[in-house]
**Student:** 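Shown below is the structure under consideration.
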Amino acid sequence: MLIEQQQLTDFVTEIFTTAGSTEVVAREVADHLVWANMKGHDSHGVGMIPTYVHNIGVGHLKQDAHAEIVKDNGAVLLIDGQFGFGQVVGREATDIALERAKNTGIVCAGVRNCHHLGRIGTYGEVCGSAGFVSVHFVNVVGHEPQVSPWGGRDRRMSTNPFCCVVPRPDAMPIVLDMATSAVALGKVRVAHMKGEAVAEGCLVDHEGLPTTDASVMYEVPFGALGPFGKHKGYGLAVMCELLGGGLAGEWTAQPGRERNNNVVNNMLMFVLDPNVFDGIDAFNEEVREMVAYLHSTTPASGFDKVRIPGEPERESVVERLDAGIPIDNNSWAGIVAAAGHAGMSEQRITEMTG
Ligand code: NAD
């Protein structure tokens with residue numbers, strides 16, 4: 001099915017208000033999720049709703065929790081998300097870090113105990129739009145790991161996202177925002193829902209053999225999702241685990257820590273005013289000229305053009321504003337069932353989505 005952005009946002013907002021969230025919180029979560037779909041990341045969009053509604057029901061996700069500063073050393077902050085909606089506590093932590101960086105030039109913020117932060121680029125974009133550089137190392141805990149180390153077949157970590165954003169005065173920020181697994185797990189989930197194959201080189205089965213069958217992530221005997229970029233992507237994933245998880249969160253995927261089917265993100269975030277060195281003009285000029293140079297590259301065979309990070313998402317927004325957001329039938333059925341579990345009547349669901 002195809003659904004229009006505003007209609008979907010209103011429906012998702014009502015799912016969460018029915019589940020007990022305030023209107024403000026529900027709308028922020030809905031906006032974040034629907035914008036992830038708009039940007040082409042269905043893995044981190046409304047398909048997450050069944051997980052969120054389940055986690056509210058079992059008490060993993062605290063709908064009224066807010067980010068709280070637990071340690072304040074000026075340019076170094078420790079912030080606790082208190083298991084609130086990541087979309088809310090992650091944005092609040094980013095606002096706190098950004099406000100502080102306006103005085104200190106740089107902030108390093110540890111942000112721990114956030115329920116699923118969703119699309120990490122959202123927080124980078126908050127910084128980039130305010131004219132700041134940001135870097136985010138994130139780990140994912142609270143459940144069994146899914147990603148194997150390079151050279152292994154057993155699961156040891158999750159999809160540990162990394163994000164880095166560069167602002168531009170006259171254009172949208174440059175946003176590198178990615179899972180450190182070969183693909184985001186949500187993309188394997190979407191492929192599984194659609195009955196489609198996952199790209200080659202992403203998954204191994206329980207014997208460590210390459211496969212494109214998404215079911216190895218959901219049915220025993222389990223296989224694993226591999227890291228992107230061989231040993232280099234694996235290395236970055238380890239740093240997300242140790243810095244986002246170990247340092248900021250004091251919670252890594254090691255088996256001594258809690259695994260109760262929750263989805264918790266910990267993040268180490270750096271926010272930097274690019275004006276701290278010799279002034280902003282030289283930096284802006286270098287960014288502008290370098291981006292133009294990259295764009296001037298002749299495309300290789302099979303490519304239409306060369307892009308910079310963040311452009312595919314903007315192209316997706318233009319496309320989906322026009323065509324609507326595509327949602328596969330299985331994912332939609334899961335969302336509608338979750339709306340029912342949250343307490344929405346069938347009649348109300350039909351009114352809002354029919
Ligand atoms: P992806 O592979 O689609 O894109 C990764 C990055 O590459 C993006 O910055 C994109 O702009 C850039 N890119 C893509 N194609 C490009 C091209 N042709 N030229 C230049 N740049 C290009 O993203 P992904 O790895 O599937 O991650 C999807 C989302 O999942 C991200 O938003 C991430 O934050 C999120 N995520 C969240 C969690 C979590 O626990 N909260 C975990 C994993 C991933």
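Excluded from the calculations below are hydrogen atoms, water molecules and symmetry mates; all remaining heavy atoms, backbone and side chain alike, are included. Both counts, for ligands and for their atoms, begin at 1 and track the order of listing.
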**Student:** Considering only heavy atoms of T159, which atoms of ligand 1 have at least one such atom less than 4.0 Å away?
**Tutor:** 42 (C), 43 (C)
**Student:** Does N265 use its side chain to pair, donor to acceptor, with the backbone of N139 at less than 3.5 Å?
**Tutor:**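 Present.
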**Student:** Looking at F83, F85, Y52, which one forms a ring-ring contact (aromatic ring centres under 6.0 Å, His included) with H115?
**Tutor:** Y52
**Student:** Does any N/O atom on A179 come nearer than 3.5 Å to any N/O atom on ligand 1?
**Tutor:**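 It does: an N or O of A179 is found under 3.5 Å from an N or O of ligand 1.
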**Student:** To check your reading of the model: name the closest protein heavy atom to atom 26 (O) of ligand 1, its residue, and the distance in Å.
**Tutor:**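 For atom 26 (O) of ligand 1, the nearest protein heavy atom is K187 NZ, 2.6 Å.
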**Student:** Of the side chain and backbone of M178, name the one, both, or neither that has a heavy atom under 4.0 Å from an atom of ligand 1.
**Tutor:**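 The answer is both.
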**Student:** Do you see a protein non-hydrogen atom under 4.0 Å from atom 2 (O) of ligand 1?
**Tutor:** no
**Student:** Only heavy atoms of H116, strictly under 4.0 Å: list the atoms of ligand 1 that pass.
**Tutor:** 39 (C), 40 (O), 41 (N)
**Student:** Is any side-chain heavy atom of V12 less than 4.5 Å from a side-chain heavy atom of V29?
**Tutor:** no
**Student:** Between the side chains of E313 and H41, is a donor N or O closer than 3.5 angstrom to an acceptor N or O?
**Tutor:**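 Per modelled atom types, E313 and H41 side chains form a pair under 3.5 Å.
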**Student:** Could you find the nearest protein heavy atom to atom 18 (N) of ligand 1 and give me its residue, atom name and distance?
**Tutor:** R307 CD, 4.2 Å
**Student:** Side-chain contact, heavy-atom cut-off 4.5 Å: Y123 with R91?
**Tutor:** yes
**Student:** Taking 4.0 Å as the limit for heavy-atom contacts, which would you say applies to N265 with ligand 1: side chain only, backbone only, both, or neither?
**Tutor:**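 Side chain only; the backbone of N265 stays clear of ligand 1.
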**Student:** Is a side-chain N or O of E258 found less than 3.5 angstrom from the main chain of G142, in a donor-acceptor match?
**Tutor:**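 Pair absent, no side-chain N/O of E258 close to backbone of G142.
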**Student:** If the contact criterion is a heavy-atom separation under 4.0 Å, does V183 count as touching ligand 1?
**Tutor:** no
**Student:** Which of parallel (below 30°), tilted (30 to 60°) and perpendicular (above 60°) describes H231 and W150?
**Tutor:** tilted
**Student:** Heavy atom under 4.0 Å from ligand 1: found in P312's side chain, backbone, both, or neither?
**Tutor:** side chain
**Student:** Hey, are the side chains of L225 and T159 touching, using non-hydrogen atoms and a 4.5 Å cut-off?
**Tutor:**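 In short, these two side chains touch, coming nearer than 4.5 Å.
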**Student:** Atoms of ligand 1 less than 4.0 Å from E313 heavy atoms?
**Tutor:** 8 (C), 10 (C), 11 (O)
**Student:** Heavy-atom distances under 4.0 Å are what count here, so tell me which part of D177 touches ligand 1: side chain, backbone, both or neither.
**Tutor:** both
**Student:** Quick one: look at H44 and ligand 1, take heavy-atom pairs under 4.0 Å, and tell me if it's side chain, backbone, both or neither.
**Tutor:** side chain
